[in-house]
Enquirer: 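Starting off with a structure, shown below.
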Amino acid sequence: MKIAVSLLACVALANAHFTMQYMWVNNVDQGKNTYLRIPPNNNPVTDVNSKDMTCNVNGLTGSATGTATISAGATITLEWHQHDQRTGEDPISGGHKGPVQVYIAKAPSTAASFDGQGAVWTKLYSSGLLNASTQQWATDVVNTSSGKHSFKIPSSLPAGEYLIRGEILALHVAQSYPGAQFYIGCAQVKISSGGSANPPKISIPGTYKASDPGITVNIYNNLQSYTAPGGAVWSG
Ligand SMILES: *[C@@H]1O[C@H](CO)[C@@H](O)[C@H](O)[C@H]1NC(C)=O
Ligand SMILES: *[C@@H]1O[C@H](CO)[C@@H](O)[C@H](O)[C@H]1NC(C)=O
Ligand SMILES: [Cu+2]
């Protein structure tokens, strides 16, 4: 019954999807759509093998996009909304439950010219099922935090230009594949000083599989634990 209701809600609210619209650096708002690769609309990606998984639709280049200079150790906040506004609407629409993750990938040259293909992505942040008894998800916290979630750029990352990839995975229709909805946003940054770490890296697309228990999953069956796709967070 719950599944049927959620399916209906999803169809009825087809444009209740969302996009990543702002990046904050050390609590300073960089401005709407600034330093971000902007997709044509707020639809999710559902094919885990599609290149749209990297930085959303039309996201393989950022030649028209600026690059923010940040220092290693900076706190980055990503902010998501359904439509073109910060107020008057829930950042995340009802039923869109699931994990929130962030990856980073070092560009061989400029972030603007980087397509993010290959084993280049390191996971910096992951938040999933926070409380099994209340079924509270990371998306619930983003929703009540005005669409925002924050993470730290590890100081040990080498200086250079990078793509930051935010991912919110909505699992309300993920019982069969394709169903899980990937909301993806990429930001371009230049880390001005840094360390010499060589963190573990995965491919997006590539590493995620339709059969991953974090991608094809029924979240309406009193789920007790959840493992997000993409492996462990690298903490620097
Ligand atoms: C976001 O919060 C609003 C208001 O509390 C709620 O109606 C909506 O269902 C929430 N979204 C999700 C995905 O839980
Ligand atoms: C989960 O929520 C319940 C009910 O609100 C609360 O008693 C419990 O402490 C929470 N558990 C965690 C791990 O936060
Ligand atoms: Cu939906």
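Just the heavy atoms: all of them, side chains too, but no hydrogens, waters or symmetry mates, feed the values below. One-based numbering, in listed order, for ligands and for the atoms of each.
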Enquirer: Identify the protein heavy atom lying closest to atom 5 (O) of ligand 1, giving its residue, its atom name and the separation to 0.1 Å.
Expert: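 I find the closest protein heavy atom is Asn143 ND2, 4.6 Å.
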Enquirer: For ligand 1, which atoms, with element, lie under 4.0 Å from some heavy atom of His96?
Expert: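 Atoms satisfying the 4.0 Å criterion: 13 (C).
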Enquirer: Is ligand 1 under 4.0 Å from a heavy atom in the side chain of Ser93, in the backbone, in both, or in neither?
Expert: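 Backbone only.
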Enquirer: At a non-hydrogen distance cut-off of under 4.0 Å, which region of Asp140 contacts ligand 1 (side chain, backbone, both, or neither)?
Expert: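 For Asp140, only side-chain atoms sit under 4.0 Å from ligand 1.
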Enquirer: Which ligand 2 atoms, with their elements, are less than 4.0 angstrom from a heavy-atom of Ser133?
Expert: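 Listed by number with element, the hits are 1 (C), 2 (O), 3 (C).
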Enquirer: Which protein heavy atom lies closest to atom 11 (N) of ligand 2, and at what distance to 0.1 Å?
Expert: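 Checking every protein heavy atom, the shortest distance to atom 11 (N) of ligand 2 gives Asn131 ND2, 2.8 Å.
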Enquirer: With a 4.0 Å cut-off, strictly under, does atom 7 (O) of ligand 2 pick up any protein heavy atom?
Expert: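 Not a single protein heavy atom is under 4.0 Å away.
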Enquirer: Answer yes or no: are there more than 12 heavy-atom neighbours, outside Lys201 itself, under 6.0 Å from its atom NZ?
Expert: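 Check passes, neighbour count above 12.
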Enquirer: State, without any angle test, whether Thr87 and Gln85 hold a side-chain donor-acceptor pair at a distance under 3.5 Å.
Expert: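 Absent: no donor and acceptor within the cut-off.
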Enquirer: Closest heavy-atom contact between Trp234 and Pro154?
Expert: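 So the minimum-distance heavy-atom pair works out to CZ3-CG, 3.7 Å.
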Enquirer: Who's the nearest protein heavy-atom neighbour of atom 9 (O) of ligand 1, and how far?
Expert: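 That would be Gly94 CA, 3.3 Å.
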Enquirer: For the backbone of Ala119 and the side chain of Ser203, can you confirm whether one donor and one acceptor N or O come within less than 3.5 Å of each other?
Expert: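 Looks like yes, one N/O pair under 3.5 Å.
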Enquirer: Does the protein place a non-hydrogen atom closer than 4.0 angstrom to atom 14 (O) of ligand 2?
Expert: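 It does: a protein heavy atom is found less than 4.0 Å away from atom 14 (O) of ligand 2.
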Enquirer: Would one find an N or O of Lys97, backbone or side chain, under 3.5 Å from an N or O of ligand 1?
Expert: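 N/O-N/O distance below 3.5 Å exists for this pair.
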Enquirer: What atoms of ligand 1 come closer than 4.0 angstrom to any heavy atom of Ile92?
Expert: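 So the answer, numbered in order with elements, is 1 (C), 10 (C), 11 (N), 12 (C), 13 (C).
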Enquirer: Which of the atoms in ligand 1, numbered in the order shown and given with their element, are less than 4.0 Å from a heavy-atom of Gly95?
Expert: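 Every atom of ligand 1 under 4.0 Å from some heavy atom of Gly95: 13 (C).
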Enquirer: Starting from atom 3 (C) of ligand 1, what is the nearest protein heavy atom, named by residue and atom, and what distance separates them?
Expert: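 The closest one turns out to be Asp90 OD2, 3.2 Å.
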Enquirer: Taking the six-membered ring for Trp, are Trp121 and Phe114 parallel (under 30°), tilted (30 to 60°) or perpendicular (over 60°)?
Expert: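 Rings of Trp121 and Phe114: parallel, under 30°.
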Enquirer: Apply the test side-chain contact (heavy atoms from CB on, under 4.5 Å) to residues Phe182 and Ile215: give CA-CA distance (whole Å), side-chain angles for both, the deciding distance (0.1 Å), then the verdict.
Expert: CA-CA 10 Å; Phe182 292 88; Ile215 292 178; 3.9 Å; yes
Enquirer: In terms of residue, atom name and distance, what is the protein heavy atom nearest to atom 4 (C) of ligand 2?
Expert: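 The protein heavy atom lying closest is Thr134 CG2, 3.5 Å.
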Enquirer: Side chain of Lys123, backbone of Gly231: donor and acceptor closer than 3.5 Å?
Expert: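 Yes: the side chain of Lys123 pairs with the backbone of Gly231.
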Enquirer: For the pair Gln117 and Lys51, evaluate side-chain hydrogen bond (donor to acceptor under 3.5 Å, both in side chains) and give the outcome as yes or no after the intermediate values.
Expert: CA-CA 8 Å; Gln117 301 306 293; Lys51 284 187 177 177; 4.8 Å; no
Enquirer: Between His96 and Phe18, what is the ring plane arrangement, given parallel below 30°, perpendicular above 60°, and tilted in between?
Expert: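 Because their plane-to-plane angle is over 60°, the rings of His96 and Phe18 count as perpendicular.
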